[in-house]
There are 2 protein chains.
Amino acid sequence: MADQEGGRLLTHTIKDVAKLAGVAPSTVSRVIADSPKISAKTKARVKAVMAELGYHPNVHARNLVNKQTNVIGVIMPSVSYAPFQNPFFPEVLRGITAQANEDKYGLYLSTGQLESDIIEEVKEMVHSRRVDGMILLYSTTADPVIPFLLEENFPFVVIGRPPEQLEGVVSYVNNDNVKAAKMLTEYLLLLKHQRIGFIGGRKDAYVTLDHREGYCEALTSAGLEINEGDLVYHDEVFEGGEQAVIELMAQVTPPTAIIVADDLMALGVLRMLSSMGYQVPKDISVVSFNNVLMSELASPPLTTMDIQIYELGFKSAELLRKRIANPDLPMQAVKVGHRLVRRETSQAIERQ
Amino acid sequence: MADQEGGRLLTHTIKDVAKLAGVAPSTVSRVIADSPKISAKTKARVKAVMAELGYHPNVHARNLVNKQTNVIGVIMPSVSYAPFQNPFFPEVLRGITAQANEDKYGLYLSTGQLESDIIEEVKEMVHSRRVDGMILLYSTTADPVIPFLLEENFPFVVIGRPPEQLEGVVSYVNNDNVKAAKMLTEYLLLLKHQRIGFIGGRKDAYVTLDHREGYCEALTSAGLEINEGDLVYHDEVFEGGEQAVIELMAQVTPPTAIIVADDLMALGVLRMLSSMGYQVPKDISVVSFNNVLMSELASPPLTTMDIQIYELGFKSAELLRKRIANPDLPMQAVKVGHRLVRRETSQAIERQ
DNA sequence: TTGTATGCGTTATCAG
DNA sequence: CTGATAACGCATACAA
């Protein structure tokens with residue numbers, strides 16, 4: 001009955017409890033599962049012993065026989081996305097955490113630094129049955145993860161959207177990024193801006209493609225033509241914004257407004273513009289996406305498109321839970337709304 | 001040999017591999033462990049079969065017999081700390097992730113929202129042997145988690161510092177927050193500031209207590225007396241900064257400089273000051289701690305104390321790994337350096 | 001160098 | 001209502 005060895009506490013097993021309570025191990029197991037076929041009396045006795053021993057079931061033994069873990073995997077994008085610099089990720093994690101906690105689900109975080117690490121990690125998670133399902137925190141065009149998970153018929157949800165050819169097969173939670181970008185563009189158009197710059201993120205991210213599409217739609221509908229020089233793309237979150245400004249403003253007639261993929265990037269834009277002597281919003285308007293806390297704290301505070309990041313996380317966990325419970329459920333797509341948060345970086349054009 | 005059932009892929013076991021390779025299961029197991037007593041020939045053959053089948057060992061079976069998981073638990077502070085709003089946490093997670101990835105360790109994230117949830121979650125993690133060790137991302141005075149882990153003799157590392165009475169028993173990674181705060185105060189003193197406000201975070205957090213101590217030390221050494229009205233504390237990250245300014249500046253003779261617990265809070269301070277018509281740094285200097293990315297993007301960019309958050313995370317994971325490998329190791333404390341990053345929110349006092 | 005047998009802590013099936 | 005007992009998938013001591 002030694003329960004310490006080398007100072008290391010040995011956990012009790014179901015057998016210890018059984019012995020002490022004078023019942024069979026299977027009975028203890030039933031008590032844990034709160035089986036209705038156990039008399040209240042034995043239940044009470046066993047529970048008392050469990051408490052006395054500080055007994056907790058070993059998760060690995062349990063997972064082994066149950067073939068499920070009650071853990072969901074969260075796949076972060078590779079570091080090249082700067083996932084830990086951009087407040088998007090903490091916020092989406094917050095939503096996932098909240099829902100997971102409600103469902104008594106645990107969270108297993110991917111640690112892969114490179115793109116190549118990530119697919120390997122995902123494979124390991126799936127094959128070794130480490131998690132019951134996953135949430136992908138990104139969506140890009142050439143990503144190998146989605147096809148793999150599909151082939152394995154493993155429950156997963158992507159935040160963002162899957163490639164067109166997989167539309168209707170992959171469950172996801174997303175904003176209508178096309179519409180959001182269109183709205184943002186139209187807003188600037190209504191402020192009489194005619195030349196609008198567009199700073200996108202990674203070219204292989206679907207958000208970027210969708211933003212671009214919305215931007216173009218709005219311009220076309222307004223009878224304006226798209227000036228290729230007005231569209232630039234940058235990977236790096238903050239520095240990218242700074243670089244982009246140079247490219248945009250170096251044109252013979254520079255834009256009077258800029259749409260930026262991300263709030264953080266917009267801060268870079270603001271800073272570079274200010275260093276060039278431009279005043280925002282007097283000389284040039286700047287609007288962006290995401291509405292993270294920081295956008296309110298910027299100076300001037302950013303006009304930005306709120307995309308309900310927390311909801312994105314919360315709903316994805318919710319959707320995943322459903323799919324784990326019923327893996328043969330048809331694909332589902334959840335839309336999360338957006339809304340323009342007007343602050344102080346946008347204004348109507350003044351000069352004629 | 002059906003490997004699909006209800007559309008759900010069944011993972012292969014060590015036996016499948018054994019059969020297909022024409023060896024015993026134990027041999028396969030040895031190949032996985034890369035045992036030296038297996039001939040290169042069989043090793044190759046078995047490995048080929050593993051690859052062909054896409055075999056990965058079932059982690060639960062393995063954890064069950066090995067009594068270890070290769071997973072470390074990361075305990076976030078309760079939401080009242082706004083862990084997901086403050087860039088400190090993503091950054092420390094980045095460090096942990098990098099080191100964990102190197103060591104082939106997985107990360108299990110706590111999801112508890114309330115303080116009371118958290119201790120329960122920790123107990124479950126320990127008793128059910130879900131993780132091999134943990135990292136606590138916070139340290140407060142009345143926290144029940146540390147005593148519990150100590151009693152269980154469970155490997156853990158805290159980022160921050162343990163209570164005094166547990167000093168020498170608990171391993172931790174921390175900055176010298178007293179010194180850092182003292183240095184920051186002395187810097188302002190050298191800039192001829194005589195009245196320095198202090199905005200601390202949660203009163204039960206050791207960082208706050210240490211900051212306060214350093215602040216007082218510096219003032220006392222300079223022969224100045226401590227004006228209780230100059231010290232205020234706030235929990236909420238951003239709004240707290242705004243509130244604090246009111247309290248500080250409402251004094252008959254307000255301070256000419258302010259030390260703020262956190263960059264994010266400092267943004268709130270800047271904003272409130274600006275709305276009151278104060279110019280930073282001309283009218284009042286503002287300095288803070290952490291040097292998160294955002295502090296550079298603020299306007300004006302913040303003078304702040306860099307505390308190497310990434311290192312804090314990285315080293316804690318490193319230390320934990322050691323302690324897991326050798327649980328009887330005497331307690332260790334790792335210090336991480338700090339350095340003042342001078343930007344544009346601090347300047348010498350002008351008027352006499 | 002490889003195979004056989006047993007146990008890790010649970011759950012579930014079958015008797016009783 | 002409760003008790004044996006056989007899996008779950010792997011690792012290891014012991015044989016060969």
Side-chain angles (χ1 to χ4, degrees), chain A residues 3 5 8-47 49-50 53-71 124-130 132, chain B residues 3 5 8-47 49-50 53-70 124 126-130 132:
Chain A
D3 61 356
E5 180 189 314
R8 190 63 166 282
L9 193 130
L10 262 36
T11 24
H12 298 283
T13 78
I14 215 170
K15 287 181 185 169
D16 300 325
V17 178
K19 202 171 293 177
L20 231 161
V23 297
S26 50
T27 302
V28 178
S29 177
R30 290 186 184 104
V31 173
I32 295 169
D34 200 28
S35 158
K37 2 188 195 177
I38 297 288
S39 75
K41 210 191 304 172
T42 29
K43 233 177 218 177
R45 185 152 37 97
V46 171
K47 275 185 181 164
V49 174
M50 296 198 308
L53 256 39
Y55 168 82
H56 285 246
N58 179 307
V59 287
H60 305 114
R62 175 175 269 197
N63 291 343
L64 182 57
V65 23
N66 285 342
K67 291 173 180 337
Q68 66 154 48
T69 65
N70 271 60
V71 173
E124 197 272 345
M125 283 195 209
V126 171
H127 285 140
S128 68
R129 301 273 123 183
R130 198 184 275 282
D132 291 342
Chain B
D3 62 354
E5 182 191 312
R8 188 63 165 283
L9 192 131
L10 262 36
T11 23
H12 299 283
T13 80
I14 217 171
K15 286 182 187 169
D16 300 326
V17 178
K19 204 171 292 176
L20 230 161
V23 297
S26 54
T27 302
V28 178
S29 176
R30 291 187 181 103
V31 172
I32 294 170
D34 200 28
S35 159
K37 9 187 188 177
I38 297 288
S39 75
K41 209 191 305 171
T42 28
K43 236 178 217 179
R45 186 152 36 96
V46 171
K47 277 185 181 164
V49 174
M50 296 199 307
L53 256 38
Y55 168 81
H56 286 248
N58 179 307
V59 287
H60 306 112
R62 169 177 275 202
N63 292 344
L64 182 57
V65 25
N66 285 342
K67 290 176 181 339
Q68 65 154 48
T69 64
N70 271 60
E124 197 272 345
V126 171
H127 285 138
S128 67
R129 304 273 125 182
R130 197 183 276 283
D132 292 341

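A quick note: this is a predicted structure, and the numbers were derived from the prediction, not measured. So you know, we letter chains A, B, ... as the sequences are listed, proteins then strands, and number each from 1.
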Query - Under the side-chain contact (heavy atoms from CB on, under 4.5 Å) test, residues paired with A:Asn63 that sit two or more places apart - result: A:Val59, A:Thr69, B:His60
Query raised in the report: Would you say A:Lys67 reaches D:dG9's phosphate, i.e. side-chain N/O to OP1/OP2 under 4.0 Å?
Result: yes
Query - Note, B:Glu124 side chain near B:Val126 side chain (heavy atom, < 4.5 Å) - result: no
Requested in this report: Summarise protein proximity over nucleotides 10-16 of chain C in one line of letters, 5' to 3': B for base, S for sugar-phosphate only, - for none, counting protein heavy atoms closer than 4.0 Å.
Outcome: BBBBB--
Query raised in the report: Is a side-chain N or O of B:Asp132 found less than 3.5 angstrom from the main chain of B:Gln68, in a donor-acceptor match?
Result: no
Requested in this report: Please state how far atom CZ in A:Arg129 lies from atom C1' in D:dG9, giving the value in whole angstrom units.
Outcome: 13 Å
Query raised in the report: Nearest-Å distance, NE2 (A:His60) to P (D:dA11)?
Result: 14 Å
Query raised in the report: Under 4.0 Å between a side-chain N or O of A:Thr42 and OP1 or OP2 of D:dT2?
Result: yes
Report summary line: salt bridge (charged side-chain N to carboxylate O under 4.0 Å, His left out) pairs touching residues 36-45 of chain A, sequence neighbours excluded, are A:Asp34-A:Lys43
Query raised in the report: Quick one: do the A:Ser39 and A:Thr42 side chains pair a donor with an acceptor below 3.5 Å?
Result: yes
Requested in this report: Look at all strands and tell whether B:Leu64 reaches a base, only sugar-phosphate, or nothing, counting heavy atoms closer than 4.0 Å.
Outcome: base
Report summary line: Rounding to 0.5 Å, atoms CG (A:Asn58) and CZ (B:Arg130) come to a distance of 10.0 Å
